[in-house]
Amino acid sequence: MYNLDKVIDRKQGNARKWSNQVLKEKFGLNEDAIPMDLADIDFEVAPAIQKALMKRASIGDYSYSYVPDDFYEAVIDWNQRRYDTYMEKEWIKLTFGTVSTLHYVIQAFTEIGEGVLINTPAYDPFAEAVENNDRKLFCSSLINRDNRYYLDFEDMEQQMRENDIKVFIFCSPQNPSGRIWTKEELYQLSELCIRYNVLLVCDEIHRDIVYKGRTFTSIWNAHPEIKQHSVLCLSPNKGFNLGGLKTSYVVVPNPMIRETLLEQLKRNSITSPHVFAVPAIVAAYNESEAWLDEMIDYVEANMQLIYEFFAEIPEAKVMPAESSFLAWINVQNWFKDETEMTEFFQRANLTMVVGSYFVQDGEGFVRLSIGMPRELLLEALSRIKRAYVNSLEYASHVIN
């Protein structure tokens with residue numbers, strides 16, 4: 001058993017999410033605010049990871065490093081054991097973050113003005129990777145049917161056919177909703193990419209947090225041929241909260257695609273890894289699986305609290321999640337616009353992410369990060385309740 005109820009002072013570690021300066025300048029909040037915006041978790045790191053980093057820190061040498069074999073062995077074993085996904089050492093490249101890697105991929109496989117496809121709502125850096133490199137962004141809106149997202153295959157095929165799409169950046173599981181795509185959906189998606197010669201860049205960084213009774217299928221296990229037409233983006237950052245160590249990596253089986261990407265990484269001077277990245281990844285994958293499983297159960301219980309709480313607010317509707325620690329909530333019947341929404345959460349002294357951040361199709365939604373000790377979550381919900389009751393009382397007073 002691990003103490004996931006323990007509230008740690010993340011301000012001491014200069015966590016961006018908890019920075020008093022960020023809370024004030026970005027959100028207009030005081031130091032007592034509870035941040036629910038950034039997609040990281042607020043639990044103390046797994047003991048094995050902390051132990052490995054303390055052992056590494058005790059060695060008085062923080063110079064340029066390299067990637068040893070135990071990194072590759074840990075990655076290969078983790079992916080085989082946890083996801084039944086086969087990999088070889090030569091396919092794997094440690095990078096400095098998934099977001100920056102998307103930029104390198106766009107630079108490597110497209111020319112200025114060429115088309116890149118994403119599904120929306122989407123994590124905004126997907127769009128930034130395209131637009132910051134002067135490529136043309138195309139969006140295929142997810143279908144919201146009965147409070148659940150579905151892929152619009154007809155629209156995606158039309159976009160690929162008519163817009164000469166070169167790269168498709170795909171999120172699995174989906175951010176911000178936590179939707180897990182089925183094997184059949186992933187197969188159909190892969191078929192389109194193969195048919196129209198579109199490089200599939202599959203971001204699976206949220207897959208380490210999948211709820212009980214749900215089945216996650218890696219894209220490679222959905223279609224045998226997509227391995228040769230894809231770049232797989234992986235990371236322990238979400239499951240083990242290692243974002244500050246830049247522990248993301250890509251896996252590329254096709255030698256021609258791999259060589260093209262490696263050449264681009266050289267042009268961007270992606271060389272030696274963060275000195276603490278490798279011991280953290282090895283400890284996460286080799287020694288922290290039990291911690292991860294317990295954390296997943298804890299987060300799923302948090303999500304259940306979210307469902308129960310917002311069921312008492314008729315103007316809000318939570319989209320059921322199957323993975324991750326992000327609550328995606330429809331509030332279009334609650335707030336007239338995002339200005340009103342922002343003011344409400346400011347009064348509650350909480351941060352959040354407005355739906356318009358997610359490129360398009362997110363308007364009328366709010367995303368809350370709930371991967372936190374129960375005490376913090378209950379306090380955050382209490383603040384929402386107080387602000388909600390106060391708003392009802394104010395509205396009643398104005399009407400009367």
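If you read the sequence from its start, that first residue is 1, and numbering goes on from there.
- Ion pairing of K238 with D208 is absent here, as no side-chain N (NZ or NE/NH1/NH2) approaches a carboxylate O to less than 4.0 Å.
- For the pair R145 and Y150, the cation-pi test (distance below 6.0 Å, angle within 45°) is passed.
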Practice task
Quick one: do L200 and H229 satisfy side-chain contact (heavy atoms from CB on, under 4.5 Å)? Show the steps, please.
Solution key: CA-CA 6 Å; L200 177 60; H229 302 265; 5.8 Å; no

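- For R386 and E379, the salt-bridge test passes: some basic side-chain N is under 4.0 Å from an acidic carboxylate O.
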Practice task
Give the C-alpha distance, both sets of side-chain angles, the deciding distance and a yes or no for side chain to side chain donor-acceptor pair (under 3.5 Å) between S235 and T98.
Solution key: CA-CA 8 Å; S235 174; T98 301; 4.9 Å; no

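- For the side chain to side chain contact (heavy atoms under 4.5 Å, CB included) with P125, the qualifying choice from I169, V99, N132 is V99, the only one to do so.
- In this structure, R135 contributes its side chain and T110 its backbone to a donor-acceptor pair below 3.5 Å.
- Proximity of M319 to N330: side-chain heavy atoms (C-beta onward) are nowhere separated by under 4.5 Å.
- A salt bridge does not link K212 to D293: none of the charged side-chain nitrogens sits closer than 4.0 Å to a carboxylate oxygen.
- Side-chain contact of D40 with S369: a donor-acceptor pair under 3.5 Å is absent, judged by distance alone.
- Ion pairing of K89 with D69 is present here, as a side-chain N (NZ or NE/NH1/NH2) and a carboxylate O approach within less than 4.0 Å.
- A distance-only check finds a donor-acceptor pair linking the side chain of R258 to the backbone of E90 [under 3.5 Å].
- Proximity of F335 to T342: side-chain heavy atoms (C-beta onward) are nowhere separated by under 4.5 Å.
- Ionic pairing of R82 and E289 is present here: one or more N-O contacts between side-chain nitrogen and carboxylate oxygen are shorter than 4.0 angstrom.
- A donor-acceptor pair is defined here as one N or O able to donate and one able to accept, closer than 3.5 Å; such a pair exists between the side chain of E338 and the backbone of S356.
- Remark: the backbone N or O of E204 is not paired with any side-chain donor or acceptor of S172 at under 3.5 angstrom.
- No salt bridge links E300 with R214; every basic N to acidic carboxylate O contact stays at or beyond 4.0 Å.
- The side-chain tip of R267 does not point at the ring of Y104 from less than 6.0 angstrom away and within 45° of straight on.
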Handout entry: Derivation and outcome, ring pair (Phe, Tyr, Trp, His ring centres under 6.0 Å), residues W220 and Y86
Key = CA-CA 9 Å; W220 291 353; Y86 173 78; 9.2 Å; no

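- Side-chain contact, S140 with D155: a donor N or O sits under 3.5 Å from an acceptor N or O.
- A donor-acceptor pair is defined here as one N or O able to donate and one able to accept, closer than 3.5 Å; no such pair exists between the side chain of Y298 and the backbone of G371.
- Of the possible polar contacts, one joining the W181 side chain to the C171 backbone as a donor-acceptor pair under 3.5 Å is found.
- H223 places no side-chain N or O within 3.5 Å of a backbone atom of I219 that could act as its donor or acceptor partner.
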Exercise for the section: Report the C-alpha distance between M303 and Y211 in whole Å, list the side-chain angles of each, state the deciding distance to 0.1 Å, and finish with yes or no for side-chain contact (heavy atoms from CB on, under 4.5 Å). Expected result: CA-CA 10 Å; M303 188 65 74; Y211 301 159; 3.5 Å; yes

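- Here the closest non-hydrogen pair linking P68 and D70 is CG-OD1, 2.9 Å.
- The aromatic rings of F168 and F170 sit tilted relative to each other, their planes meeting at an angle between 30° and 60°.
- Checked for salt-bridge contact, D32 and R383 miss the test: no charged N lies under 4.0 Å from a carboxylate O.
- With a 6.0 Å cutoff to the six-membered ring centre and a 45° limit on the axis angle, R207 counts as a cation-pi contact of Y83.
- For the residue pair E157 and Y196, a side-chain donor N or O sits within less than 3.5 Å of a side-chain acceptor on the partner.
- With hydrogens and angles disregarded, no donor-acceptor distance shorter than 3.5 Å links the side chain of N241 to the backbone of F43.
- Formation of a donor-acceptor pair under 3.5 Å by the N254 side chain with backbone atoms of Q228 is found in this model.
- For Q159 and N163, the side-chain atoms include at least one donor-acceptor pair closer than 3.5 Å.
- Without hydrogens or angle criteria, E363 side chain to D361 main chain gives a donor-acceptor distance under 3.5 Å.
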Practice task
Take Q107 and N268 through the side chain to side chain donor-acceptor pair (under 3.5 Å) test and state the conclusion after the steps.
Solution key: CA-CA 10 Å; Q107 294 163 9; N268 285 279; 3.1 Å; yes

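- Looking at K385 and E312, no side-chain N of the basic residue comes within less than 4.0 Å of a carboxylate O on the acidic one, giving no salt bridge.
- A donor atom on one side chain and an acceptor atom on the other are not found under 3.5 Å apart for T85 and N79.
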